[in-house]
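Some notes on the structure that comes next.
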Amino acid sequence: MTRQLPVGIATITVRRRPGCRHQGVLTVAGRAIPVALGRSGIGYDKREGDGRTPAGVWHPVRVLYRADRVTRPATSLPIAAIRPDDGWCDAPEDRRYNRPVELPFPASHERLWRDDRLYDLLLVIDHNTRPRVKGRGSAVFIHLARPGYRPTEGCVALKPADLSRLLTRLDARTRIIIS
């Protein structure tokens with residue numbers, strides 16, 4: 001029998017698995033869920049492109065999903081379908097750094113409409129948003145994991161069923177503690 005998560009999760013913790021730099025455990029309501037972390041592990045001094053998952057206390061902002069691949073997830077958070085022209089600016093010198101952008105976009109960016117399915121379902125968190133600091137990291141999400149929980153570029157990644165179940169219990173007050 002699958003254990004259900006309680007409604008209105010107040011806190012989620014994410015920690016590195018001992019002896020493994022880029023794999024971790026997300027703990028919620030006494031349940032441990034395996035996750036992938038950034039290729040350089042977790043760090044407090046996050047820099048653009050360093051491959052570290054940023055340590056700190058973050059909050060969910062909104063959910064994005066590929067409506068052509070997954071059903072609309074159940075969540076109390078703001079939600080939007082990803083479009084083929086959705087991107088995320090990762091150019092520190094651009095005024096839209098660490099913000100969603102419409103493609104084509106002249107500065108460096110990430111495409112949200114991906115072939116590899118990693119962003120078929122993703123949670124935007126408030127890392128480096130208030131204030132936004134140039135070069136302190138962009139596009140840090142909680143998204144779908146690669147097979148074998150291979151490392152991310154700095155995000156936290158879960159299996160689709162785990163992320164879907166988690167989204168049903170999050171709200172804007174949930175604290176996501178990465179340490």
Side-chain angles (χ1 to χ4, degrees), residues 5-65 73 75-79 88-90 92 97-100 110 112 114 118-179:
L5 297 174
V7 177
I9 295 171
T11 304
I12 294 168
T13 60
V14 176
R15 291 192 172 91
R16 184 178 60 85
R17 254 186 48 209
C20 190
R21 178 185 298 224
H22 67 268
Q23 290 183 353
V25 175
L26 182 150
T27 306
V28 55
R31 183 167 182 242
I33 301 169
V35 297
L37 302 170
R39 69 181 185 280
S40 301
I42 295 173
Y44 282 96
D45 191 26
K46 172 76 180 150
R47 300 287 178 192
E48 187 67 43
D50 67 3
R52 280 189 268 170
T53 299
V57 179
W58 316 112
H59 296 89
V61 175
R62 65 184 172 141
V63 174
L64 302 175
Y65 72 103
T75 184
S76 67
L77 295 165
I79 189 167
W88 201 275
C89 179
D90 61 10
Y97 178 61
N98 197 29
R99 288 192 179 162
E110 255 196 80
L112 298 183
R114 295 172 61 130
L118 295 182
Y119 288 177
D120 283 6
L121 180 60
L122 70 87
L123 174 65
V124 178
I125 63 174
D126 65 352
H127 169 260
N128 195 23
T129 57
R130 291 190 184 113
R132 271 181 308 133
V133 179
K134 291 180 181 186
R136 297 299 284 186
S138 64
V140 176
F141 306 129
I142 296 177
H143 62 70
L144 301 180
R146 290 180 174 90
Y149 295 97
R150 292 194 318 265
T152 70
E153 294 299 312
C155 297
V156 174
L158 295 82
K159 288 191 321 189
D162 291 335
L163 182 52
S164 292
R165 189 172 31 259
L166 186 63
L167 292 176
T168 66
R169 306 295 186 234
L170 299 181
D171 62 36
R173 297 169 304 209
T174 302
R175 292 173 359 120
I176 302 167
I177 302 170
I178 301 175
S179 61

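None of the values given here were measured: they were computed from a predicted structure.
- Using a 4.5 Å heavy-atom cutoff, the side chains of V25 and V35 are not in contact.
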Go through it in stages, so that I can follow the logic: the residues are Y119 and F141, the test is ring-ring contact (aromatic ring centres under 6.0 Å, His included), and I'd like the CA-CA distance, side-chain angles, deciding distance and then a yes or no. CA-CA 9 Å; Y119 288 177; F141 306 129; 5.5 Å; yes
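- Between the side chain of T129 and the main chain of D126, a donor-acceptor pair closer than 3.5 Å is present.
- In this structure, R114 places its CZ atom where more than 12 heavy-atom neighbours from other residues, nucleotides or ligands lie under 6.0 Å away.
- In this structure, the separation between NZ on K159 and CG on L166 is 13.5 Å, given to the nearest 0.5 Å.
- The two residues P160 and L144 come nearest to each other via the heavy atoms CA-CD2, 3.5 Å.
- A donor-acceptor pair is defined here as one N or O able to donate and one able to accept, closer than 3.5 Å; such a pair exists between the side chain of R146 and the backbone of P151.
- Counted within 6.0 Å of CZ on R15, heavy atoms from surrounding residues, nucleotides or ligands total 12 or fewer; the atom is thus considered open.
- A heavy-atom distance below 4.5 Å is not found between the side chains of Q23 and R16.
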Stepwise, does the side chain to side chain contact (heavy atoms under 4.5 Å, CB included) test hold for S40 with D50? CA-CA 7 Å; S40 301; D50 67 3; 5.6 Å; no
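- Inter-residue side-chain proximity for L64 and I79 is flagged as unmet; no heavy-atom pair is nearer than 4.5 Å.
- Listed here is the closest heavy atom pair of N98 and A139: OD1-N, 3.0 Å.
- Of the residues V124, L123, I142, the one that meets the side-chain contact (heavy atoms from CB on, under 4.5 Å) test with V63 is L123.
- Once rounded to the nearest 0.5 Å, the distance linking CH2 of W58 with OG1 of T174 reads 16.0 Å.
- A pairwise comparison of heavy atoms in H22 and Y149 identifies CD2-O, 3.8 Å as the closest pair.
- With Y65 as reference, L121 is the one residue of D120, L121, T75 to meet the side-chain contact (heavy atoms from CB on, under 4.5 Å) rule.
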I'd like to know whether R31 forms a side chain to side chain contact (heavy atoms under 4.5 Å, CB included) with R165, so could you lay out the CA-CA distance, the side-chain angles of the two residues, the decisive distance to 0.1 Å, and finally the verdict. CA-CA 12 Å; R31 183 167 182 242; R165 189 172 31 259; 3.0 Å; yes
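- When each of V140, L37, I42, T13 is checked for a side-chain contact (heavy atoms from CB on, under 4.5 Å) with I178, only I42 meets the rule.
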If you apply the rule side chain to side chain contact (heavy atoms under 4.5 Å, CB included), what do you find for I176 with I125, and how did you get there? CA-CA 9 Å; I176 302 167; I125 63 174; 3.8 Å; yes
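- In summary, R99 and D90 do not engage in a salt bridge, as defined by a charged side-chain N under 4.0 Å from a carboxylate O.
- Atoms CZ and CZ, from R39 and R21 in turn, are 10.5 Å apart once rounded to the nearest 0.5 Å.
- For the pair R62 and P100, the tightest heavy-atom approach, listed with the atom from each and the gap, is NH2-CG, 3.4 Å.
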List the steps and the verdict of side chain to side chain contact (heavy atoms under 4.5 Å, CB included) for E48 and Y97. CA-CA 11 Å; E48 187 67 43; Y97 178 61; 2.5 Å; yes
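- Between T53 and G38, the closest heavy-atom pair is OG1-N, 2.8 Å.
- At distances below 3.5 Å, at least one donor-acceptor pair connects side-chain atoms of S76 with backbone N or O atoms of L170.
- Atom-to-atom distance recorded for I12:CD1 and L26:CG is 5.5 Å, nearest 0.5 angstrom.
- In terms of heavy-atom proximity, R136 sits nearest to Y44 at NH2-O, 4.0 Å.
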